[in-house]
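Since the structure comes first, as structure tokens, the remarks are kept for the end.
Just so we're clear, the structure is a prediction, and the values are computed from it rather than from any experiment.
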Amino acid sequence: MVAPIIQTNPNIEAVSDDIDTVNILKANLEKKDLYNESEFDKEKDKTTFRQFEDACDRVKNFYTQQHTLQTVAFNLKARNDFKYKARAHMGVWEAMEKLNTFIDECDPDTSESQMSHLLQTAEALRKDGKPRWMQLVGLIHDLGKLLFFFGAEGQWDVVGDTFPVGCAFDDRIIYGRESFKSNEDHGNKIYDTKFGIYSPGCGLENVMLSWGHDEYLYHIVKDQSTIPDEGLALIRYHSFYPWHREGAYLELMNDHDKKMLEAVRAFNPYDLYSKSDSVPDPEKLKPYYLELIDEYFPTKTIRW
């Protein structure tokens, strides 16, 4: 029997090549959009944000407690608990609604609910035409604050600027190195050295950042979504202000972290400056964001 001759349709090959070209152009366009300077905040007075020196006692007391209790021992325990303790199963939008009663004690800029802040961030990104995955990150970036309802010891192990533990506390952390004088790791012959338990260029993936909503959500999302590496970095590092705003701990970075730093800095204005008195309507925006959630979360029910 003579084998049949299979002919390739040149038109199909041409279409395939065109699709590949479009996908490459689309990826490049999204990358360009990611790093474009923010437009939504051009008219805002940015000097009024993150004014911690004039913050109320509630904010200052929060950081005193956080800087005292975020130790290496606590962080090891928190990560062990994360691995072996069940918390909840719910969808992303349901999680946002649950978080709506939470008010962040360490935020000097707003007393709005978390639902409002998440929608304000996502809508600012959407207005500036940022990639869809970045809009989604804006929508969910603070959902790790659900920790408050899942056995947290207070807000000090949920919110606040983050920083590495296991090496010397840097002066550029909010309220400075002196605010850690009651931390049991302060003055430790290993933990209180420049690199501590780490090494130069080890990469931030190998660094223990103070446990809280960033770190928690990062571990949830990286295993249950298709959000790209840049989006995971925005989630894990958006509160790491000593790094992405003040330039501390750069010596711990590897080449991958250098790329992620650029992405985090591009996201920061949307997290910080989208806070306003204008409250979004969740029900009006819900259909758009439910579609966005489904696009990047293959499973509707998330293990929290």
Side-chain angles (χ1 to χ4, degrees), residues 78-79 81-107 110-127 130-160 162 211-228 230-239 267 270-271 274-276 278-304:
R79 283 160 174 78
D81 289 347
F82 169 78
K83 289 181 181 179
Y84 298 108
K85 286 187 179 180
R87 290 182 169 85
H89 293 79
M90 70 182 90
V92 171
W93 193 268
E94 184 183 355
M96 290 171 59
E97 291 176 330
K98 183 174 179 62
L99 195 62
N100 202 32
T101 59
F102 180 83
I103 303 297
D104 191 332
E105 289 182 354
C106 73
D107 192 337
T110 184
S111 59
E112 288 289 346
S113 71
Q114 291 301 300
M115 173 73 89
S116 294
H117 170 54
L118 294 176
L119 287 171
Q120 286 170 339
T121 305
E123 282 294 281
L125 288 158
R126 183 182 177 189
K127 180 180 178 181
K130 296 299 180 181
R132 286 173 63 80
W133 64 260
M134 196 175 184
Q135 296 173 37
L136 176 63
V137 169
L139 184 73
I140 68 171
H141 73 281
D142 276 344
L143 278 186
K145 293 177 183 179
L146 286 170
L147 268 174
F148 181 74
F149 303 108
F150 298 152
E153 297 187 25
Q155 288 208 15
W156 63 269
D157 58 340
V158 177
V159 297
T162 58
W211 180 255
H213 72 282
D214 303 46
E215 196 77 358
Y216 167 64
L217 184 64
Y218 165 71
H219 287 290
I220 295 289
V221 171
K222 75 173 183 177
D223 293 331
Q224 300 184 69
S225 79
T226 59
I227 292 172
E230 289 86 352
L232 297 177
L234 306 188
I235 290 170
R236 187 176 188 226
Y237 303 128
H238 71 270
S239 301
F267 174 75
Y270 297 94
D271 180 20
S274 63
K275 299 169 185 174
S276 70
S278 177
V279 180
D281 182 349
E283 290 307 311
K284 182 179 179 181
L285 297 171
K286 186 175 180 178
Y288 176 81
Y289 286 110
L290 284 180
E291 181 181 334
L292 197 56
I293 291 166
D294 288 344
E295 187 175 336
Y296 290 94
F297 283 90
T299 304
K300 290 184 180 294
T301 301
I302 309 302
R303 302 185 307 276
W304 297 95

Query raised in the report: Has the side chain of S225 got a donor or acceptor atom that lies under 3.5 Å from a matching backbone atom of I227?
Result: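 Yes; at least one donor-acceptor contact below 3.5 Å.
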**Report entry** Test item: W133 side-chain N/O and G231 main-chain N/O as donor-acceptor pair under 3.5 Å
**Finding:**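 Checked: no pair found.
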Requested in this report: Please state whether the rings of F150 and Y216 are parallel, tilted or perpendicular, taking 30° and 60° as the class boundaries.
Outcome: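 Ring orientation of F150 relative to Y216: perpendicular.
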Query raised in the report: What class does the angle between the rings of H219 and F82 fall in, given that below 30° is parallel, 30 to 60° is tilted and above 60° is perpendicular?
Result: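 Correct class here is tilted.
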Taking all heavy atoms of [X] and all of [Y], pick out the closest pair and write down the distance.
| X | Y | answer |
| --- | --- | --- |
| P282 | L119 | CA-CD1, 3.8 Å |
| K145 | V158 | CA-CG1, 3.7 Å |
| L143 | L217 | N-CD2, 4.0 Å |
| D142 | H238 | OD1-NE2, 3.1 Å |
| T226 | E295 | OG1-O, 4.0 Å |
| D214 | I235 | CB-O, 3.5 Å |

Does [X] reach the side chain of [Y], with side-chain heavy atoms less than 4.5 Å apart?
| X | Y | result |
| --- | --- | --- |
| L146 | K98 | yes |
| Y288 | Q135 | yes |
| R87 | L147 | yes |
| V159 | F148 | no |
| S239 | H213 | yes |
| I302 | H89 | no |
| I140 | L136 | yes |
| N100 | M96 | no |

Query raised in the report: Just checking, any donor-acceptor pair under 3.5 angstrom between side chains of E123 and Y289?
Result: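 Side-chain D/A pair, E123 to Y289: present.
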Query raised in the report: For Q224 and Y296, does a side-chain donor sit closer than 3.5 Å to a side-chain acceptor?
Result: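 No, no side-chain donor-acceptor contact under 3.5 Å.
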Query raised in the report: CD of Q120 to CG of L139: how many Å apart, nearest 0.5 Å?
Result: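 So the CD of Q120 and the CG of L139 are separated by 12.0 Å.
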Report task. Give the C-alpha distance, both sets of side-chain angles, the deciding distance and a yes or no for side-chain contact (heavy atoms from CB on, under 4.5 Å) between I220 and R303. Result -> CA-CA 7 Å; I220 295 289; R303 302 185 307 276; 5.9 Å; no
Report task. Measure from the ring center of H141 to the ring center of F267 and say whether it is less than 6.0 Å. Result ->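 H141 vs F267: aromatic centres under 6.0 Å.
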Query raised in the report: Within a reach of under 6.0 Å around NZ of K127, are more than 12 heavy atoms found that belong to other residues, nucleotides or ligands?
Result: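 Not buried by this count: 12 neighbours or fewer within 6.0 Å.
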